[in-house]
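Report on the structure given below.
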Amino acid sequence: MPELPEVEAARALIERAALQREIAVVDDGDTYVCRPHAPGELADALTGRTLTAANRIGKSMWVETDEGEGPTLGLHLGMAGRIIIDGAHAGDPLSAAESREAEEAGGHPDPRLSGDPAWARFTVEFADGGRLVLFDKRRLGRAVLNPDLTHLGPDAAEISAADFRARVGRGDAPLKARIMDQSVLAGVGNLLADEALWRAEISPVRPAGELDDDELNRLRRAIRATTRDAIRLGGVHTGTLIEHRRRDGHCPRCGAPLVRAQVGGRTTWWCPEEQR
DNA sequence: CCATATGTTAAAAG
DNA sequence: ACTTTTAACATATG
């Protein structure tokens, strides 16, 4: 279930494997994933064109066609989306069952990794026979033409310290809700938020406007470090707090029992001793 | 059957 | 008018 690091991996995969290939066939028949488009609209707009650049802000991707001459293809992985290109995949991590099957397949791509038809929500087939699939069990991902990205704040991995302080350090909402608001800051999801707040040793329930400059700087650094590590290690689920929370329910640093509660509408874990 | 799920967003509430 | 919270979305998994 992808956050900024997983989406960046998907963007990089598209950049590496899907550019400069002519589009021959497009399946945009899932009217929920492709809403508000009618079936055939993406196909009509994209067929015959070539993908020429893959971009990202936060969790939103957009792919240029024909060097910017054609329409833009917007892609969002939602809660469970994965990009699959000729058997290579990025985005939603493999489930335990999928990993097992992939291993048993012995190096050959599991058919599901090539895009089980039941979960292939949007498909671009290239003239050379290969394909790009938006694979998404939950159908909360999106594929749209010319996506509107104006409501997104600056990317969480790129934002400057001054901009971060000005945008995050205000309002009465809980800090965690503030950093997960994609119009404030783009890319932080539920797990990245918990991991970064734990690293910065700041409570998720503090009103955002209450933080001082030092705390805001610490939080920005923690978000950047967590993002970098997650990209390197393969996903936000590799985070230290994330791996420990359900295992023993204790803080990996000090051993105190972790607190679990709803904050900003999502399940949140934190160390009540260290995170103030 | 029940609870949970890493995202977004319209609607309701304040 | 603006900010914050809640509920709904579609579906899978333990």
Side-chain angles (χ1 to χ4, degrees), chain A residues 1-10 30-36 56-61 74-82 90-101 112 116-122 134-144 147-153 156 167-198 204-210 223 226-227 229-231 233-246 260-269:
Chain A
M1 303 173 194
E3 304 187 30
L4 191 156
E6 290 82 1
V7 179
E8 173 54 24
D30 190 315
T31 54
Y32 190 76
V33 168
C34 297
R35 71 193 185 284
R56 178 191 63 76
I57 291 182
K59 306 171 197 170
S60 298
M61 295 183 279
L75 294 170
H76 197 292
L77 302 181
M79 284 274 272
R82 179 185 298 160
D92 191 40
L94 298 187
S95 66
E98 286 170 325
S99 298
R100 236 181 293 116
E101 288 176 35
R112 254 188 262 197
D116 184 320
W119 290 318
R121 308 300 184 183
F122 174 76
L134 172 56
F135 178 98
D136 180 10
K137 292 179 182 180
R138 288 181 56 186
R139 291 178 79 204
L140 291 171
R142 298 289 295 273
V144 298
D148 174 20
L149 306 168
T150 55
H151 56 94
L152 288 177
R167 287 178 157 271
V168 174
R170 50 181 294 270
D172 299 321
L175 178 58
K176 180 177 178 183
R178 189 88 192 148
I179 62 176
M180 286 180 60
D181 182 336
Q182 303 298 301
S183 67
V184 171
L185 186 66
V188 178
N190 196 36
L191 298 188
L192 185 35
D194 279 4
E195 181 76 16
L197 286 162
W198 175 75
V205 300
R206 290 264 300 282
E210 207 184 75
I223 290 172
T226 303
T227 300
D229 290 352
I231 288 174
L233 299 173
V236 284
H237 62 279
T238 61
T240 306
L241 175 75
I242 300 310
E243 286 189 334
H244 278 76
R245 66 203 168 141
R246 287 181 200 287
R260 178 198 203 229
Q262 295 288 118
V263 180
R266 316 304 290 200
T267 298
T268 303
W269 296 77

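So you know, we letter chains A, B, ... as the sequences are listed, proteins then strands, and number each from 1.
- To the nearest angstrom, P of dA5(B) lies 18 Å from CG of D136(A).
- The side chain of N190(A) has dG7(B) as its nearest neighbour among dT9(B), dT11(C), dG7(B).
- A donor-acceptor contact shorter than 3.5 Å is absent between the side chain of E8(A) and the backbone of I231(A).
- Across all strands shown, P207(A) has no heavy atoms under 4.0 Å from either base or sugar-phosphate atoms.
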Scan nucleotides 10-14 of chain B against the protein and return all N/O pairs shorter than 3.5 Å with their distances rounded to 0.1 Å.
none

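- Stem regions for DNA chain B, each three or more consecutive Watson-Crick or G-U pairs with both distances under 3.5 Å and listed by first number, read B:2-5 with C:11-14, B:7-14 with C:2-9.
- Atoms NZ (K59(A)) and C1' (dT8(B)) sit 9 Å apart, rounded to a whole Å.
- Between the side chain of R178(A) and the backbone N or O of R170(A) there is at least one donor-acceptor pair closer than 3.5 Å.
- For the pair D194(A) (side chain) and W269(A) (backbone), a donor-acceptor distance under 3.5 Å is present.
- For the pair E6(A) (side chain) and G235(A) (backbone), a donor-acceptor distance under 3.5 Å is absent.
- OP1 or OP2 of dT11(C) sits under 4.0 Å from a side-chain N or O of R139(A).
- Contact annotation: W119(A) side-chain N/O to dA12(C) OP1/OP2 distance is under 4.0 Å.
- Without hydrogens or angle criteria, N190(A) side chain to T267(A) main chain gives a donor-acceptor distance under 3.5 Å.
- For the pair Y32(A) OH and dT11(C) C1', the computed distance is 11 Å after rounding to whole Å.
- The phosphate of dT3(C) (OP1 or OP2) has no side-chain N or O of R178(A) nearer than 4.0 angstrom.
- Look at CG on D172(A): it is 6 Å from P on dT4(C), rounded to the nearest Å.
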Derivation and outcome, side chain to side chain contact (heavy atoms under 4.5 Å, CB included), residues V144(A) and H76(A): CA-CA 9 Å; V144(A) 298; H76(A) 197 292; over 6 Å; no

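- For the P atoms, the distance from dT9(B) to dA1(C) is 22 Å, rounded to whole Å.
- Of the candidates dG7(B), dA5(B), dT11(C), the closest approach to any side-chain atom of R246(A) belongs to dA5(B).
- At least one donor-acceptor pair closer than 3.5 Å links the side chain of E195(A) to the backbone N or O of T240(A).
- Residue T267(A) places at least one side-chain N or O under 4.0 Å from the OP1 or OP2 atom of dA5(B).
- Atom CZ of R138(A) is separated from atom P of dA5(B) by 10 Å (rounded to the nearest Å).
- Between R35(A) atom CZ and dT8(B) atom P there is a gap of 12 Å when expressed in whole angstrom units.
- Distance alone, capped at 3.5 Å, places no donor-acceptor pair between the R56(A) side chain and the A9(A) backbone.
- With R121(A) contributing its side chain and L134(A) its backbone, the two residues share no donor-acceptor pair below 3.5 Å.
- Side-chain N/O atoms of K137(A) include none lying less than 4.0 angstrom from OP1 or OP2 on dT11(C).
- Here R170(A) does not reach the OP1 or OP2 of dC2(C): none of its side-chain N or O atoms lies under 4.0 Å away.
- Atom P of nucleotide dT3(C) and atom CG of D181(A) are separated by 10 Å, given to the nearest angstrom.
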Evaluate the side-chain hydrogen bond (donor to acceptor under 3.5 Å, both in side chains) criterion for residues T268(A) and Q262(A): first the C-alpha distance (whole Å), next the side-chain angles of each, then the deciding distance (0.1 Å), finally the verdict. CA-CA 6 Å; T268(A) 303; Q262(A) 295 288 118; over 6 Å; no

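- For H76(A) and dG7(B), the shortest distance from a side-chain N or O to OP1 or OP2 is not below 4.0 Å.
- Here dA12(C) presents its P atom at 11 Å from CG of L140(A), a figure rounded to the nearest Å.
- Sequence order on DNA chain C of the closest nucleotides to R266(A) and G171(A) puts G171(A) first from the 5' end.
- The closest donor-acceptor contact from the side chain of R82(A) to the backbone of F135(A) lies at 3.5 Å or more, if one exists at all.
- Residue whose closest nucleotide on DNA chain B sits further toward the 5' end, between R260(A) and R142(A): R260(A).
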